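Everything numeric in this text was worked out from a predicted model, so none of it was measured. First the proteins, then the strands, lettered A, B, ... as listed; each starts at 1.
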Amino acid sequence: MSSSEDDVPLAMLNGRRTNGTSSATSASTNGKGPILPDRIPKSVDKKADKDFDAMAVDYPTGDRAGVPIVNIAVREELDNGRAKRKGRKPAIKEESSDDSDTPLTKRRRTSNGVKASTIVESSDDDVPLAKRAAASKTRTNSASKAANKKAAAAKDESSDSDTPLATMKLAKEKRKIENKAAATAKELRAEDKKAAIKANGIKRKSVKDESDSDVPLKAKRKPVVKKTNGVKQESSDDDVPLAKKAKAISKNAATAKGKAVDNKKAVVKGKAKAAKEDTPAGAETAEDEEYKWWENQAETDGTQKWTTLEHNGVLFPPAYEPLPKNVKLKYDGVPVTLPLAAEEVAGFFGHMLNSTHATNPTFTANFFKDFQRILKESGGAKDTTGKKVLIKEFAKCDFTDMNNYFVAEAEAKKNLSSAEKKAIKAEKDKAEEKYLHCLLDGRKEKVGNFRIEPPGLFRGRGEHPKTGMVKQRVQPEQVTINIGNGVPVPPPPPGHKWADVIHDNTVTWLATWKENINGNIKYVMLAATSSLKGMSDFKKFEKARELKKHIDRIRADYGRDLKSELMADRQRATAMYLIDRLALRAGNEKGEDEADTVGCCSLRFEHVTLKAPDLVIFDFLGKDSIRFYQEVPVIPQVFKNMRIFKKAPKTTGDMIFDRLDTSQLNKHLQNYMPGLSAKVFRTYNASWTMQQQLAKIPNEGSIHDKYAAYNEANKAVAILCNHQRTVSASHETMMLKAEEKIKALRYQKLRLKRQILFLKPELKKKRAAFFKPDPEIDDKNWILEHQKFLIEQEKEKIRKKFEKENEKAAENGEKEQKPSELKERLKAVGELEAEFKAENKTGAVEPKTKGATVEKLEAQIEKMDEKILKQETEAKVREDNKTVALGTSKINYIDPRLSVMFCKKYDVPIEKVFAKTLREKFKWALESADEDWEF
DNA sequence: ACTTGGACTTAGGACGATAAGA
DNA sequence: TCTTATCGTCCTAAGTCCAAGT
């Protein structure tokens, strides 16, 4: 205990499982690596405190906590990171000769104890990290730093007690606002809690009642009408059912204004019914019979999702169309004939020849393995003489013929006349029409993904071990249909059967099947604009808003538990801190056959680097293998805890939170608020942040300006949630172009000034500042080049015009103009050339417009300045946003009522912030929030 | 307790449509 | 008017979380 080696007790306590079986991999076999002791000895904390104090000398830690100094994952690096990613644990095995823990202990201790002032823990690769950090961030870096300074200066004590984190730059103002809110929140807390519990108690109960009284869940799952495999069997009332349905429903769906639009009959009857039955709000016109569920919040328990459901099933992809005989895979240079099944698979790959997948070794290996198997199963390849050809090596396969064919086809399709295209589209639309909508509780609702996913090659993201495998064609026999009782079942394709037909109204899906790659279940569900989805979206945001009432208590609790003696509690508290401040995802465990990505609970040793005195550097791949990179100062206790959680014998590959998983975490959260889980924090913090950001926007300026400010707020949220996108391939060239364009404008401005000088040369001295060279283009060579370019451009213009005129002439049967005419015209450019020459010599430009005055020119310059500024800010925004995806947070995390509030309050048209589908999706928000609405 | 299954939300990229610009 | 950049939608993979099964 008294040992100065603070990791000794830990190492002893958890023992690196000395028992034989797994000595070689002892640290890793249980998937979590070493488990830390269940209690944290006082000595450990003491040591941690001491170390920390030593490090933190005259360093004001704590008050800057939660605001990342560096975030943004840099894409190029990300790509490297992906490629380099180590497997779960390989590093250990290679570097540390397994079971003797001396080397481990030693290694750790050195970095740990010795250079406390710089790097506390360094995994073997802290250098790359540091470098990366330095290299990658430029602008954000400095911006955030500035913000941090401000925040530090403010010395705001409560930084960690109530700010819901933030990646935002202006931490200071933010805290002020939040403090106020927190105070109020505290007062209200007790009462709110009571109310909440009460409400939820009722909810709960009713849920239970429901399920108890009804059939037990399991029975419900596969209830009533089993069998059916096929067409109608029990719906004798084939004809009228929709209408009937609509009636019956509108009764049941207490709040529903029954509507049926699917066919005329239904409409008529349904309408009549609706008018009679739901009088309260039923006073709407027949046409826009919309179901405004948000207007009467009938409390539903949520287990039953519908009463009646009618739909037309799913749309299967078209059958495979064989390639023309002359388009073949070549093997070792020889064209081979493939059985249809194999040809189709080869074609999948042929389609992707110019994507990055085609060069991904995992992808090609997986593809080839499946291809070989399918080829074998289907009879094998043959050459043109009918002789069998064994396809053994991927490298000898040549898909270029296929690829060329596909490209040509696509091209041909593109070149169809617009009439033909229209016809094709019309046909497609017609085929899809009946799948577009369903009838849910008598209302017409949009179906989302009614198309069965076509076969192809699985495009797993990141380093997915199964990427490239063949995703098989889904047969009707695999598809289960879920539909209301007693309505016609959509017929399976001729000669086929459904896997099953069920009538489960506790789920929202219309059809389901299992996909062959990962065994995942796929569903056909309603569209995001449907009432069903809308209601749950609404509930999601209401839940997040409810968290407001509990957040203070939750933060206080985990703040306390950060010092808990119980390891499990302390880990949980620390994880909650991260989830709350950094908006990390929960981080469920993943299998070996998935990409190695993590979230909070699944963070491993190598994902976190600690830097004294309070900096935690996160670097890991999150959902979709998107890199999460942040250097965040944390409050001292969190820093100390992370050190403890990383202590020996833990090493690369070991879990940081070895005594925590998502289900424990969520179970704990339930105690605070029913339905509270880790993801609610993301919603809460995103919406909260958005609200704070919007509140800072001055209500002035143009719509364009206000919209830009909105987007900035949106961006803050996107950064918080780490929503990224890859920079488009053309980004770089686009930026260069933009830069050139701006310089061109600057040159135009220069010429305006030179016109002034032409008029009044004496001004050059009198207004020296005004006429001093624009540093951006103060480069003779560039100007010369640019002038050349302008001349070329002018010539090109003339030529083009000339050609066009000739073409037209030819069309009209007139004779073309002579080349001499072109030459004549080109002479005009000579004038420009001369102009430039004179300009370069005298530094002045003769105004072309008559009556040019200094005043007029000055006005033009001013306009030019505006133009330049506009272009520059545009370019800057584009550059700044190149890796940030705004859409995800707008669609999933930011309470749409905030946007509605903003638009109403700031007089920004809603169309600006919500495109059509979003307006539909968020209709409930558009109609329920006003300019005072608060999250 | 732990694992698996199931249902639903969240996610980035592909791709087609549309608007803006040469 | 054609091309090109941007926008909006579609697609489906990849998460979360709860509950049932062992």
Side-chain angles (χ1 to χ4, degrees), chain A residues 31 211 216-218 221 305 352 355-357 410 413-414 421 425 448-454 456 458-462 464 466-467 471 482 504 506-509 512 514-515 517-523 525-529 532-533 536-537 539-540 585-591 594-595 597-602 621-626 661-667 669-670 675-683 686 718 721-726 728-731 733-734 737-738 741 793 796-797 800 804 878 883 885-893 914-921:
Chain A
S211 51
L217 248 189
K218 201 55 226 176
R221 283 274 145 91
K305 304 293 172 32
M352 309 171 80
S355 88
T356 55
H357 295 295
K413 211 169 159 191
K414 222 167 72 187
K421 279 187 197 158
K425 177 144 196 303
N449 53 329
F450 52 83
R451 273 173 279 259
I452 294 281
E453 293 175 15
F458 173 67
R459 294 145 112 108
R461 306 191 184 143
H464 195 121
K466 293 185 173 182
T467 193
K471 192 165 112 170
N482 187 32
D504 183 354
T506 66
V507 296
T508 67
W509 51 266
T512 184
K514 197 175 216 172
E515 150 269 344
I517 306 271
N518 299 295
N520 290 334
I521 305 168
K522 303 282 193 160
Y523 301 93
M525 290 183 181
L526 297 192
T529 52
L532 224 46
K533 295 283 190 190
S536 69
D537 221 26
K539 277 186 192 158
K540 171 182 78 185
R585 294 188 183 85
N588 284 308
E589 297 245 13
K590 295 189 72 186
E594 298 173 274
T597 63
V598 299
C600 183
C601 292
S602 48
L621 299 184
K623 183 177 180 179
D624 293 304
S625 294
I626 294 298
D661 64 35
T662 54
S663 70
Q664 290 171 59
L665 177 66
N666 284 335
K667 205 176 284 165
L669 293 175
Q670 298 283 329
L676 184 61
S677 63
K679 83 192 267 279
V680 179
F681 283 82
R682 259 167 93 79
T683 313
C721 295
N722 200 40
H723 292 144
Q724 299 187 21
R725 57 176 182 163
T726 45
S728 72
S730 56
H731 179 82
T733 45
M734 273 160 48
K737 251 191 211 168
K741 205 168 149 192
Q793 199 181 37
E796 194 57 34
K797 233 192 222 161
K800 275 243 169 86
K804 227 174 220 161
R878 210 182 307 157
T883 60
L886 299 186
T888 308
S889 51
K890 195 190 272 190
I891 292 168
N892 299 302
Y893 287 104
F914 288 151
K916 185 158 129 295
T917 43
L918 276 192
R919 288 199 297 278
E920 275 166 46
K921 166 172 166 149

Readout for nucleotides 4-10 of chain C: B = base within 4.0 Å of protein heavy atom, S = sugar-phosphate only, - = neither; 5' to 3' it is -SS-SS-

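Residue His464(A) places its side chain closer to dA14(C) than to any other of dC17(C), dA14(C), dG15(C). For Ser536(A), the side-chain atoms get nearest to dT9(B) when compared with the rest of dG15(C), dT9(B), dT12(C). Checking dC17(C), dC8(B), dA14(C) against every side-chain atom of Asp624(A), the shortest atom distance belongs to dA14(C). Checking dG12(B), dA13(C), dC8(B) against every side-chain atom of Met525(A), the shortest atom distance belongs to dC8(B). Nearest to the side chain of Thr888(A), among dA7(B), dG12(B), dT10(B), sits dG12(B). Looking at the side chain of Val507(A), the nearest of the listed nucleotides dC8(B), dT9(B), dA13(C) is dC8(B). Nearest to the side-chain atoms of Asn588(A) among the listed nucleotides dA13(C), dC17(C), dA7(B) stands dC17(C).
Checking Lys522(A) against Cys600(A), the closest nucleotide of DNA chain C that is more toward the 5' end is the one next to Lys522(A). Taking the nucleotide of DNA chain C with the nearest heavy atom to each of Arg461(A) and Ser677(A), the more 5' of the two is matched to Arg461(A). Of the residues near DNA chain B, Gln793(A) and Trp509(A), the one whose nearest nucleotide (by heavy atom distance) lies more toward the 5' end is Trp509(A).
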Got a list of protein N/O to nucleotides 15-19 of chain B N/O distances below 3.5 Å?
none

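Rounded to a whole Å, the CZ atom of Arg585(A) is 5 Å from the P atom of dA11(B). Atom P of nucleotide dT9(B) and atom NZ of Lys539(A) are separated by 11 Å, given to the nearest angstrom. Put simply, CG on Leu526(A) is 10 Å from P on dC8(B), counting in whole angstrom units.
For Asn588(A), the side chain to side chain donor-acceptor pair (under 3.5 Å) criterion is met by Thr662(A), not counting sequence neighbours. Taking Arg878(A) as the reference, nothing meets the salt bridge (Lys or Arg N to Asp or Glu O under 4.0 Å) condition, with sequence neighbours excluded. The side chain to side chain donor-acceptor pair (under 3.5 Å) search around Asp537(A) returns Lys540(A), not counting sequence neighbours. Every residue meeting the side chain to side chain donor-acceptor pair (under 3.5 Å) condition with Arg682(A), not counting sequence neighbours, appears here in chain and number order: Tyr893(A). Applying the salt bridge (Lys or Arg N to Asp or Glu O under 4.0 Å) criterion to Lys514(A), with sequence neighbours excluded, gives no partner residue. Lys425(A) pairs by the salt bridge (Lys or Arg N to Asp or Glu O under 4.0 Å) definition with Asp429(A), not counting sequence neighbours. Residues forming a side chain to side chain donor-acceptor pair (under 3.5 Å) with Lys305(A) (at least two apart in sequence, or on another chain): none.
One cannot find a donor-acceptor pair under 3.5 Å joining the base of dT9(B) and the side-chain atoms of Lys533(A).
Between Arg682(A) and dA11(B) there is a side-chain polar atom (N or O) within less than 4.0 angstrom of OP1 or OP2.
A 6.0 Å sphere centred on NZ of Lys421(A) holds more than 12 heavy atoms belonging to other residues, nucleotides or ligands.
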